[in-house]
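What follows is a single structure, written as structure tokens, with notes after it.
Proteins get letters first, then strands, A, B, ... in listed order; numbering begins at 1 in each.
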Number of protein chains: 2
Amino acid sequence: MADACTIPDETSPAGSVQCPECKRINEVLARVGDRWSVLVIISLARYGTLRFNELKRNLGISQRMLSLTLRQLVRDGLIEREQFPTIPPKVEYSLTAMGTSFREPVMALGQWALDNLDNIDDARARFDEVVEA
Amino acid sequence: MADACTIPDETSPAGSVQCPECKRINEVLARVGDRWSVLVIISLARYGTLRFNELKRNLGISQRMLSLTLRQLVRDGLIEREQFPTIPPKVEYSLTAMGTSFREPVMALGQWALDNLDNIDDARARFDEVVEA
DNA sequence: CGGTATCCGAACCGATACTG
DNA sequence: CAGTATCGGTTCGGATACCG
């Protein structure tokens with residue numbers, strides 16, 4: 001990996017110019033960092049393989065958004081789509097190798113989210129109380 | 001931490017009902033998981049403390065979005081705002097303890113993003129080529 | 001310097017209806 | 001079952017102008 005790809009590069013004086021890493025991270029997160037993508041990845045990481053409607057029920061996502069999200073993730077090479085020509089049709093989704101490598105940071109983020117939801121709620125309550133006064 | 005908060009809970013039969021963890025993760029990610037928040041956290045994790053316009057230049061974010069994002073993050077207890085009553089005014093932002101604990105999963109995500117941007121671009125190119133045919 | 005207020009187009013996203 | 005198409009409300013987010 002090139003030097004330009006390591007995050008802790010503190011050569012520039014803090015706020016001089018736009019940090020190139022942020023620009024690139026931004027690009028990737030714009031693609032795979034939205035909430036539905038993250039949740040689809042988490043679900044597939046948990047269950048291995050899921051059908052369309054299983055994901056739909058699992059996530060509480062609308063049919064439209066799931067369809068769009070899945071197509072994006074397939075296009076980005078994070079998940080795989082296997083279609084069985086049966087009647088009624090059956091389509092299974094699972095993680096690719098890259099999707100699996102995405103699993104770890106995503107799961108860490110998800111776990112942090114679970115661990116800190118209450119803390120955030122508390123912080124918000126305190127903040128709002130102060131602001132009202 | 002309660003049992004209900006662990007992600008790898010495979011008790012339900014895959015797609016039966018909405019998984020409660022996904023619901024909660026969704027809630028937190030809706031708050032602190034947006035792109036600007038993530039990038040602010042990454043920048044503060046890198047530099048420790050930054051002023052408003054340093055962050056602005058660093059991220060390539062509009063003044064409006066930065067202002068909104070910072071206020072949210074302060075409200076959620078992830079960052080701290082210190083104001084110096086000088087002329088011209090000076091305001092410094094840094095991570096709180098909770099923000100610092102958020103740092104690790106976020107940095108992991110950012111690093112993954114950097115490492116895989118090219119892979120994603122390649123996957124997209126391949127996908128689009130196939131679709132055109 | 002560090003904001004806030006307003007405007008306005010773009011993107012998001014759920015609801016609904018329809019298809020193979 | 002696994003989608004696609006269309007519509008309409010909400011949110012996002014940049015641009016601009018203004019303030020302490």
Side-chain angles (χ1 to χ4, degrees), chain A residues 13-18 22-23 26-27 29-40 43-44 47 49-75 79-94 127 131, chain B residues 13-18 22-23 26-27 29-40 43-44 47 49-75 79-94 127 131:
Chain A
S16 52
V17 291
Q18 179 176 7
C22 286
K23 197 154 182 275
N26 198 358
E27 285 177 42
L29 291 184
R31 302 178 177 194
V32 298
D34 67 287
R35 223 160 36 268
W36 291 133
S37 294
V38 168
L39 289 176
V40 166
S43 264
L44 290 180
Y47 296 112
T49 295
L50 288 174
R51 302 178 61 174
F52 185 89
N53 277 317
E54 286 175 339
L55 277 166
K56 185 168 177 300
R57 279 188 296 272
N58 230 303
L59 305 183
I61 186 180
S62 71
Q63 194 170 27
R64 182 185 122 90
M65 286 316 296
L66 180 57
S67 179
L68 291 174
T69 301
L70 288 174
R71 200 189 317 164
Q72 275 259 319
L73 289 174
V74 169
R75 181 173 180 235
I79 69 174
E80 207 164 6
R81 191 189 115 110
E82 193 176 4
Q83 180 173 358
F84 301 91
T86 56
I87 294 181
K90 171 177 170 180
V91 180
E92 286 186 345
Y93 293 92
S94 56
F127 182 92
V131 167
Chain B
S16 53
V17 291
Q18 179 176 7
C22 285
K23 197 155 183 277
N26 198 359
E27 284 177 43
L29 291 184
R31 302 178 179 195
V32 298
D34 67 288
R35 222 159 38 265
W36 291 133
S37 294
V38 168
L39 288 176
V40 166
S43 264
L44 290 179
Y47 297 111
T49 295
L50 288 174
R51 301 178 61 175
F52 185 89
N53 277 318
E54 287 175 339
L55 276 167
K56 185 168 177 299
R57 279 189 296 273
N58 231 304
L59 305 184
I61 186 179
S62 71
Q63 194 171 27
R64 181 184 122 91
M65 285 316 295
L66 180 56
S67 177
L68 292 173
T69 302
L70 288 174
R71 199 189 319 165
Q72 274 258 319
L73 288 174
V74 169
R75 181 173 180 234
I79 70 174
E80 207 165 7
R81 191 189 116 112
E82 192 177 5
Q83 181 173 356
F84 301 91
T86 57
I87 293 180
K90 171 176 167 180
V91 180
E92 287 186 345
Y93 293 92
S94 57
F127 182 91
V131 167

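In this structure Arg64(B) satisfies the side-chain hydrogen bond (donor to acceptor under 3.5 Å, both in side chains) test with no other residue, sequence neighbours excluded. Residues passing the side-chain hydrogen bond (donor to acceptor under 3.5 Å, both in side chains) test with Glu82(B): none are found, sequence neighbours excluded. With sequence neighbours excluded, the residues forming a side chain to side chain contact (heavy atoms under 4.5 Å, CB included) with Val38(B) are Leu29(A), Ile42(B), Val106(B), listed by chain and number. When the salt bridge (Lys or Arg N to Asp or Glu O under 4.0 Å) test is applied to Arg51(A), no partner is found at least two apart in sequence or on another chain. Judged as a salt bridge (Lys or Arg N to Asp or Glu O under 4.0 Å), and not counting sequence neighbours, the contacts of Arg75(B) are Asp128(A). With sequence neighbours left out, Ser37(A) forms a side-chain hydrogen bond (donor to acceptor under 3.5 Å, both in side chains) with Asp34(A). The salt bridge (Lys or Arg N to Asp or Glu O under 4.0 Å) test applied to Glu92(A) returns Lys90(A), not counting sequence neighbours.
The nearest whole Å value for the distance from the CD atom in Glu82(A) to the P atom in dC1(D) is 19 Å. Residue Ile79(A) contributes atom CD1, which lies 14 Å from atom C1' of dA2(D) at whole-angstrom precision. Atoms CG (Leu70(B)) and C1' (dG13(D)) sit 15 Å apart, rounded to a whole Å. Leu68(A) places its CG atom 17 Å from the P atom of dA2(D), with the value rounded to the nearest Å. Separating the CG atom of Leu73(A) from the P atom of dG3(D) is a distance of 13 Å, rounded to the nearest angstrom. Atom CD1 of Ile61(A) and atom P of dA2(D) are 14 Å apart (whole Å). Atom CD1 of Ile87(A) and atom P of dA2(D) are 14 Å apart (whole Å). Rounded to whole Å, atom C1' of dC1(D) lies 15 Å from atom CG of Leu50(A).
Within 4.0 Å of Phe84(A), counting heavy atoms only, lies no atom of the nucleic acid at all.
For Arg51(A), no side-chain nitrogen or oxygen approaches OP1 or OP2 of dC1(D) to under 4.0 Å.
Looking at Arg57(B) and Asn53(B), their side chains come closer than 4.5 Å, going by heavy atoms from C-beta outward. For the pair Leu44(A) and Tyr93(A), the minimum side-chain heavy-atom distance is below 4.5 Å. Arg71(B) has its side chain within reach of Ser67(B): a pair of non-hydrogen atoms, C-beta onward, lies under 4.5 Å apart.
We find the OG-CD1 distance between Ser43(A) and Ile79(A) to be 11.5 Å, quoted to the nearest 0.5 Å.
Mapping Met65(B) and Lys90(A) onto DNA chain D by nearest heavy atom places Lys90(A) closer to the 5' end of the strand.
Chain A approaches DNA chain C over the interval dC13(C) to dG20(C), counting the first and last nucleotide 5' to 3' with an atom under 4.0 Å from its heavy atoms.
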Fill in the blank from the handout: Nucleotide by nucleotide, nucleotides 15-20 of chain D touches protein heavy atoms under 4.0 Å in the pattern (B base, S sugar-phosphate only, - none) B----B
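Terminal axes of the helix from dC1(C)-dG20(D) to dG20(C)-dC1(D) (five pairs each, C1' rotation axis) are separated by 40°, to the nearest 10°.
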